[in-house]
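A short worksheet on the structure shown next.
The structure displayed is predicted, hence computed values, not measured ones. Below, read A as the first sequence line, B as the second, and so on, with proteins coming before strands; counting in each chain starts at 1.
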Amino acid sequence: MIKIKLPDNSIMEFDAPVSGMDIAQKISERLALAAFAVTVDGKLTDLTTPITTDAAVTIITSKTTEGVDIMRHTLSHIMAQAVQELFPGTQVTIGPVIENGFYYDFAKKEPFALDDLAKIEKRMAEIIDRNLPIERMEWPREKAIEFFKNKGESYKVQIIEDLPADAVISLYRQGDYTDLCRGPHLPSTGKAAKAFKLMKVAGAYWRGDSKNEMLQRIYGVAFADEKQLKAHLTLLEEAEKRDHRKIGKALDLFHFDPTAPGCPYFLPKGLKLYNLLLEFWRQEHDKADYLEFTGPLMNSRVLWETSGHWDHYKDDMYLLTANEMPENEVYALKPMSCPQTMILFNMKTRSYADLPIRFSDVDMIHRNEASGALNGLFRVREFHQDDAHIFITEEQIEEEFSRLFALADKFYKVFGLKYQMKFSTRPDDFVGDIETWNKAEAALRRVLDNHCGKDNYQIKDKDGAFYGPKVDISMTDALGREWQTGTFQLDFQLPDRFGCKYVDKDGNLKMPPVIHRALYGSLERFIGILTEHFAGAFPVWLSPVQVRVLPVSDKHREAGAALVEKLKAAGIRAEMERQSNTIGYQIRAAHEQKIPYAVILGDKELESNTISVRDRQNNQKNGMSLDDFIANVKEIDSSKSLNLWK
RNA sequence: GCCGCUGUGGCUCAGUGGUAGAGCGUUCCCUUGGUAAGGGAGAGGUCGUGAGUCCGAUUCUCACCAGCGGCACCA
């Protein structure tokens, strides 16, 4: 007798081993139709696998993420089958599930053409229509190797050969297609929804190692139904419209020139935004007792040898030579400011009573990023970090981190960004003694528990830097996309390399740990993120132009110019266009430039001594007094409100 | 860096083995217009760079540069 416990706690009894399918069928025919797989005592299993002992069973359908992921996985097999049918001789490698879909890596001599994707999609639909049963098999290792060798699937052979000796070798067969796979899968190809779309072909290294050959990867997205697929595709379209590279061009914010790949030009409007962000940053950091400095853009190799960059980071640094410079005197553009800050600290004898010392800098730094890594403002070769290095005593770790978290809160709230903390713990290749690590990690955990609440932050095990644990901040933008921005890293190494010391209470010299930290991350990247987050419609305090005056006709231009002057005198960024145009045209142009307020000036306004304001959300306010308008803009500006009106 | 794709006036893009076209923008003229494009005329391009094939290359081939999508990288 086998007792099956269902999610509603009811018990079903069977005389002989049953499959998930049998159970689903007994519950209802509809459930059987919708069933994708089961969990048996929490473990995902195929619908057809016999259950031989008492167990708690849940039927998995497309309503759950597990269910959709199983379908995605099956679709990757269906795609592989379609590819092998259409392009005989193509070898298959791996095809996992990813967020929103799946991919499969193929080894094929000729590159896939773009219109091949449509052909493959069509064939996949046919395979779904064939409704092939999907059968799980477990084979001895030798048999599996032999099987794939005969098929000429050398990658599969490699995978099996690298599996541990005691691994169960399972295969799934659908029609003529058999793949090595852990499963589980749908019981038949016909259960897969046709709500999928193949998105792109891309290169990918075999086993993710750049020393290996390139395979061709086909990406697909897949959902439980058409509606969700459509919603996803709409989201992608929306994201494309918000692309900061497009908006940056349309709004004249920044520019990239082929003579300086990865090095942005900030155009006047973009620079305004940049300066406003930095101004806010400086105000807050002054309040928080940071000491800003600026250091040289380049240092001789001596510095980089001390810091360890010469050995570990040289390939990513720009080296500088000059006439008659001896070879051992090479200079390098700084890829970060940490070593310079160490020098600052060492300029004087420091006392325990001086700590914490918070040195900040926003200098330009250079990193020779791989050409293929460059991506608008998101990945550049020349940028500014809102960096700071805080020298503390070990006892101050907890307190200082909690100050940092408070500062971070203030910053991200201003932009209406949600964020999440991620705690990275000691990696295997750590340096320093384990006791210090343990103390530091415990301290960080306490702060995180306090600040975020227990379990309210993600833990990335063994993902810390080799020199200390770290807390990263990732934020979610208006479209729900995640970006890594801020980072707080504890470092016991660099102060050691530079021999940083302070005089402790007892008169002994001690080494201060250092916190490396950034809130924006890089100003460039952050501006890219903000551009996409706001789709170019920046909050009033960040808008390069806050008000555009629109004269109804040329005879109102003089009054318009006077109005611009008044607004400027009040500290508002205002402008009027040089060209005459119809009022309709001007409204459209102001709207397209995402200017928060358009002020319309014509006979009506001049006669009544008022203004008419149309904001970028198309709200219209007529008969407003100029003073009221100025007061509103000033208040919205100084409060850094995300709204346009009080 | 690797795989694939792309590169045509300021912008977005069409097109062709016989040295190029549209819309927007820009300039000038007319219009002085009241809430998402008023009308007309003109200027503007050695078709990314270099080499090759060809009688002839923007078009085909190769190399390089840059961009895009991924991969790898990202203290």
Legend entry - Spacing of A:Q484 atom CD relative to B:rC74 atom P, expressed in whole Å: 13 Å
Legend entry - Distance below 4.0 Å between A:S210 side-chain N/O and B:rG1 OP1 or OP2: no
Legend entry - Check: B:rA36 base within 3.5 Å donor-acceptor of A:R614 side chain: yes
Inset, instruction - Classify the side chain of A:R379 and the base of B:rC73 as holding, or not holding, a donor-acceptor pair under 3.5 Å. - result: yes
Legend entry - Rounded distance in Å between the C1' positions of B:rG40 and B:rA36: 23 Å
Legend entry - Short side-chain N/O contact from A:R381 to OP1 or OP2 of B:rC74, under 4.0 Å: no
Inset, instruction - Output yes when A:E482 and A:K422 qualify as a salt bridge under the 4.0 Å nitrogen-oxygen rule, no when they do not. - result: yes
Legend entry - Electrostatic pair A:R367-A:D316, nearest N-O below 4.0 angstrom: no
Inset, instruction - Quick one: label A:I583 by what it contacts on the DNA or RNA (base, sugar-phosphate, nothing), any heavy atom closer than 4.0 Å. - result: sugar-phosphate
Inset, instruction - Specify the residue among A:H556 and A:F466 whose closest nucleotide of RNA chain B lies further upstream toward the 5′ end. - result: A:H556
Legend entry - Side chain A:E532, main chain A:A239, donor-acceptor under 3.5 Å: no
Legend entry - Derivation of the salt bridge (charged side-chain N to carboxylate O under 4.0 Å, His left out) call for A:E575 and A:R548: CA-CA 5 Å; A:E575 66 175 22; A:R548 184 180 279 177; 2.9 Å; yes
Inset, instruction - Return the nucleotide paired to B:rU58: Watson-Crick means purine N1 to pyrimidine N3 with N6-O4 or O6-N4, wobble means G-U with N1-O2 and O6-N3, both under 3.5 Å. - result: none
Legend entry - Side chain A:Y103 and base B:rG70 donor-acceptor under 3.5 Å: no
Inset, instruction - Look at A:Y313 and B:rC73 and indicate whether a side-chain polar atom (N or O) is within less than 4.0 Å of OP1 or OP2. - result: no
Legend entry - B:rC11 to B:rU46 separation - P atoms, rounded to the nearest Å: 14 Å
Legend entry - A:H244 side-chain N/O to A:L377 backbone N/O, donor-acceptor pair under 3.5 Å: yes
Inset, instruction - Looking at every strand, decide which applies to A:Y219 at a 4.0 Å heavy-atom threshold: base, sugar-phosphate, or nothing. - result: sugar-phosphate
Legend entry - A:R426 bridged to A:D461 by N-O distance under 4.0 Å: no
Inset, instruction - Send over the distance from A:N619 CG to B:rU35 C1', rounded to a whole Å. - result: 13 Å
Inset, instruction - Using whole Å, report how far CG of A:N375 lies from P of B:rG1. - result: 16 Å
Legend entry - Contact under 4.0 Å: A:S371 side-chain N or O vs B:rG1 OP1/OP2: yes
Inset, instruction - Please confirm whether any donor atom in the side chain of A:E369 sits under 3.5 Å from an acceptor in the base of B:rG1, or the reverse. - result: no
Legend entry - A:K211 vs B:rC2: side-chain N/O to OP1/OP2 distance below 4.0 Å: no
Inset, instruction - Give A:N618 one of three labels, base, sugar-phosphate or nothing, depending on what nucleic acid heavy atoms sit under 4.0 Å from its own. - result: base
Legend entry - Nearest-Å distance once atom P is located in both B:rG7 and B:rU16: 13 Å
Inset, instruction - Indicate whether OP1 or OP2 belonging to B:rG33 is found under 4.0 Å from a side-chain N or O atom of A:Q586. - result: no
Inset, instruction - Using a cut-off of strictly less than 4.0 Å, decide whether A:R245 has a side-chain nitrogen or oxygen near OP1 or OP2 of B:rG69. - result: yes
Legend entry - Touch class at under 4.0 angstrom, heavy-atom based, for A:R217 against every strand present: sugar-phosphate
Inset, instruction - Using a cut-off of strictly less than 4.0 Å, decide whether A:K200 has a side-chain nitrogen or oxygen near OP1 or OP2 of B:rG70. - result: yes
Legend entry - Of the listed nucleotides B:rG33, B:rU27, B:rA36, the one nearest the side chain of A:H591: B:rA36
Legend entry - Residue whose nearest RNA chain B nucleotide is more 5′ - A:G376 or A:E592: A:E592
Inset, instruction - With heavy atoms under 4.0 Å as the rule, sort A:A370 into base, sugar-phosphate or nothing. - result: base
Inset, instruction - Determine, for A:K241 against A:D243, whether the closest basic-nitrogen to carboxylate-oxygen distance falls under 4.0 angstrom. - result: no
Legend entry - Atom pair distance, as rounded to whole Å: CG in A:D116 and P in B:rC5: 12 Å
